[in-house]
Student: 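I am attaching a structure below and will ask some questions about it afterwards.
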Amino acid sequence: MSQLKNSKRFVWLTAASLQASVVLGGAVMVPSAVAQSKVTTPLTKPDLATYSTMSLLTFCQARDLDVGFENSLRIALVAEVITVFQKHGGKAEGLKDPLDEKQFAAGAEFRLVGRAIEACPKLVPAEQKSKFEKVAEKLKKRLNNN
């Protein structure tokens, strides 16, 4: 069992390092391309879907390795948020103004928890599921009132 757990940990760490390399690798290898570039491409729906899926997989794997819920969220979200703001400058297709980083991070966390409840429900604590459902219900009511 220990070897399996270590094997899972190796796979997770490899996946996490690959995910981080998407964000950091380009910046380390070609600093002028990311850090100094004034021209950024707007975030597209497919881009967001890709980054969100990477976060979901990272979260579920971290939880499967007994990483705490809050730490798993942080680990999973860091690459998504950093990528959107370094690669895309917070710009998104169809939006006039760039995204606000704190609002984006909060929305990304909410989406991640919702997707995790569907993808790896046993790894999301009941208390967190309940919190998510309460917030989702409030949002649903607000949308129906407008």
Student: Tell me, please, which residues at least two apart from A108 pass side chain to side chain contact (heavy atoms under 4.5 Å, CB included).
Tutor: L77, E80, F104, R111
Student: Ion pair present between E133 and K129, side-chain N to carboxylate O less than 4.0 angstrom?
Tutor: no
Student: Looking at side-chain heavy atoms only, is the closest gap between T41 and H88 below 4.5 Å?
Tutor: yes
Student: When you check the side-chain N and O atoms of R74 and N71, is any donor under 3.5 Å from an acceptor?
Tutor: yes
Student: Taking all atoms of both residues into account, what is the closest heavy-atom pair of L56 and L112, and its distance?
Tutor: CA-CD1, 3.5 Å
Student: Please, which pairs that meet disulfide (SG to SG under 2.5 Å) have at least one residue in residues 109-146, sequence neighbours excluded?
Tutor: C60-C120
Student: So, the side chain of S130 versus the backbone of A126: is there a donor-acceptor pair under 3.5 Å, distance only?
Tutor: no
Student: Do F132 and V124 come close enough that some side-chain heavy atom pair is under 4.5 Å?
Tutor: no
Student: Residues two or more places apart in sequence or in another chain: which of them pass side chain to side chain contact (heavy atoms under 4.5 Å, CB included) with E137?
Tutor: K140, K141
Student: Answer whether the closest heavy-atom distance between the side chains of T83 and D47 falls below 4.5 Å.
Tutor: no
Student: Are the side chains of F59 and I75 in touch, meaning some heavy atoms are under 4.5 Å apart?
Tutor: no
Student: Would you check if the side chain of S55 reaches a backbone N or O of A76 as a donor-acceptor pair within less than 3.5 Å?
Tutor: yes
Student: With the side chain counted from C-beta on, respond yes when Q61 and L65 share a heavy-atom pair under 4.5 Å apart, and no when they do not.
Tutor: yes
Student: Mind listing the closest non-hydrogen atom pair of P125 and L123 along with its distance?
Tutor: CD-O, 3.7 Å
Student: What's the shortest heavy-atom distance between A62 and S72, and which atoms?
Tutor: CB-OG, 3.5 Å
Student: Quick one: are T53 and R115 in side-chain contact, heavy atoms under 4.5 Å?
Tutor: yes
